[in-house]
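A, B, ... follow the sequence lines: proteins, then strands. Residue 1 opens every chain. Because the structure is a prediction, the values reported are computed rather than measured.
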2 protein chains.
Amino acid sequence: MSRTTASADVFQAIGDPTRRAILDRLQQGEQPVKQLAEPFAISLPAISQHLQVLCEVGLVTQQRSGRQRLYRLNPTPLKQVSDWVSQYEQFWTTKLDALGEYLEEQS
Amino acid sequence: MSRTTASADVFQAIGDPTRRAILDRLQQGEQPVKQLAEPFAISLPAISQHLQVLCEVGLVTQQRSGRQRLYRLNPTPLKQVSDWVSQYEQFWTTKLDALGEYLEEQS
DNA sequence: AAAACAGTTAAGTGAATGCTTAACTAAGAT
DNA sequence: ATCTTAGTTAAGCATTCACTTAACTGTTTT
């Protein structure tokens, strides 16, 4: 079997550019797989596997509708990422402040 | 050679929990490798390799000091992550979620 | 000059990752 | 009933990953 171990880690899930692009696309709202897959140059199973990973970390939910499967964005797990990153925000503001001061000194 | 391909992708770099922990640790300030590696149960080369990845994506800078190598946090590449995630912030408050559902129902 | 220290580079390994094609399941259309 | 359509599951493959031990580089101490 392939793609069993998906690690259930949000950080790793968004580590893949295709998965980020899928999430970006889902901002436009709930979509069936085919429509979701349309802009990507990879096979449908590949998309399906990515969706499975996103499902496992909770970034996406699934709902049947006739013979389609509608996928919907659930961004709440991204809060974990947001929280982690925001720890560093102070660092880069101070750093950019310092850069600003430096640039001012130079001019 | 191992660990050559480090993809130079910030998202992937922070996908690894050990690397995130290293960054977290570097918030306390510039540190030599040995000190940095202290809490981890992996070998020094492994840490060194992680640092190389972090270096490649610019999250860390290196500076020699005698026989030590001081590593320093440079969080600015995390801005990329912050920017991406903040796109979703509006989605994860429940009020806006409800609004989103409402709007979808209408369309 | 030799030994010790701090760290990297090299080489190899097992497991995970992202992808493929082929085969399958389930629902709607003919 | 059969054929599409929509999508997943299975199996396999090449690459990448995180890690290891061993060997190396450069610096300080003795």
Side-chain angles (χ1 to χ4, degrees), chain A residues 1-26 29-57 59-73, chain B residues 1-26 29-57 59-73:
Chain A
M1 219 191 313
S2 77
R3 312 244 25 71
T4 29
T5 36
S7 22
D9 178 7
V10 191
F11 287 89
Q12 205 181 335
I14 64 165
D16 183 83
T18 304
R19 279 194 294 261
R20 283 200 304 281
I22 289 175
L23 293 174
D24 289 345
R25 218 166 146 66
L26 279 173
E30 208 171 39
Q31 282 171 70
V33 178
K34 211 188 176 186
Q35 184 180 333
L36 214 45
E38 185 250 307
F40 301 103
I42 57 177
S43 69
L44 221 70
I47 298 290
S48 193
Q49 284 153 16
H50 281 306
L51 284 169
Q52 201 180 300
V53 172
L54 292 172
C55 237
E56 276 165 31
V57 301
L59 278 168
V60 136
T61 57
Q62 207 185 10
Q63 194 205 334
R64 290 200 81 126
S65 166
R67 59 178 155 187
Q68 343 194 67
R69 239 105 151 181
L70 297 176
Y71 279 90
R72 173 189 288 248
L73 178 66
Chain B
M1 217 193 313
S2 77
R3 311 248 22 73
T4 28
T5 37
S7 23
D9 178 7
V10 192
F11 287 89
Q12 204 182 338
I14 65 166
D16 183 84
T18 305
R19 282 195 291 263
R20 284 200 303 281
I22 289 175
L23 292 175
D24 288 345
R25 218 166 144 66
L26 279 172
E30 207 171 40
Q31 283 172 69
V33 179
K34 211 188 176 186
Q35 184 182 332
L36 214 46
E38 186 250 307
F40 301 103
I42 57 177
S43 69
L44 222 69
I47 297 290
S48 193
Q49 286 153 14
H50 280 307
L51 285 169
Q52 201 180 300
V53 173
L54 293 172
C55 238
E56 276 165 32
V57 300
L59 279 168
V60 135
T61 57
Q62 206 186 13
Q63 195 205 334
R64 292 201 78 126
S65 166
R67 60 180 155 184
Q68 356 193 60
R69 239 107 152 180
L70 297 176
Y71 279 90
R72 173 190 289 249
L73 178 66

With a 4.0 Å limit, can you tell me whether B/Gln52 has a side-chain N or O closer than that to the phosphate oxygens OP1/OP2 of C/dG7?
no
Measure CD1/B/Ile47 against C1'/D/dC19 and give the value in whole Å, please.
11 Å
Check the phosphate of C/dT17 against A/His50, side-chain N and O only, distance under 4.0 Å to OP1 or OP2. Yes or no?
no
A/Leu70 CG to C/dA26 P: how many Å, rounded?
19 Å
Taking only side-chain N and O atoms of B/Tyr71, does any of them lie within less than 4.0 angstrom of OP1 or OP2 on C/dT8?
yes
Using side-chain contact (heavy atoms from CB on, under 4.5 Å), reason through A/Arg19 and B/Phe11 one step at a time and then give a plain yes or no.
CA-CA 11 Å; A/Arg19 279 194 294 261; B/Phe11 287 89; over 6 Å; no
Measure from CD on B/Gln62 to P on C/dT9 and round the result to the nearest Å.
8 Å
Got a second to check how far B/Asp16's CG is from A/Gln12's CD, nearest 0.5 Å?
8.0 Å
Distance in angstrom units between B/Asp16 CG and D/dC17 C1', rounded:
9 Å
Taking atom P of C/dG18 as reference, at what distance in whole Å does atom CG of B/Asp9 sit?
12 Å
What residues form a salt bridge (charged side-chain N to carboxylate O under 4.0 Å, His left out) with A/Arg69, not counting sequence neighbours?
none
Could you please spell out the steps behind the side-chain contact (heavy atoms from CB on, under 4.5 Å) verdict for A/Gln68 and A/Gln35?
CA-CA 10 Å; A/Gln68 343 194 67; A/Gln35 184 180 333; over 6 Å; no
C/dG28 phosphate, OP1 or OP2, under 4.0 Å from A/Gln68 side-chain N/O
no
Take the protein atom CG of B/Leu54 and the nucleotide atom C1' of C/dG7, then report the distance between them rounded to whole Å.
16 Å
In whole angstrom, what separates A/Phe40's CZ from C/dG18's C1'?
14 Å
Answer yes or no: is there a side-chain heavy-atom contact under 4.5 Å between A/Val53 and A/Val60?
no
Considering all heavy atoms of both residues, which atom of B/Asp9 and which atom of A/Gly15 are nearest to each other, and what is their separation?
OD2-O, 3.7 Å
Under 4.0 Å from OP1 or OP2 of C/dA26: is there any side-chain N or O of A/Arg69 that close?
no
Smallest separation among heavy atoms of B/Ile47 and B/Ala37, with atom names
CG1-CB, 3.7 Å
Using the closest heavy atom to pick a nucleotide of DNA chain C for each, name whichever of B/Gln35 or A/Ile42 lands nearer the 5' end.
B/Gln35
Can you tell me the distance, in whole Å, between the CD atom of B/Glu56 and the C1' atom of D/dT16?
14 Å
What does the B/S/- profile of nucleotides 21-30 of chain D look like, 5' to 3', with a 4.0 Å heavy-atom cutoff to protein?
BB---SBBS-
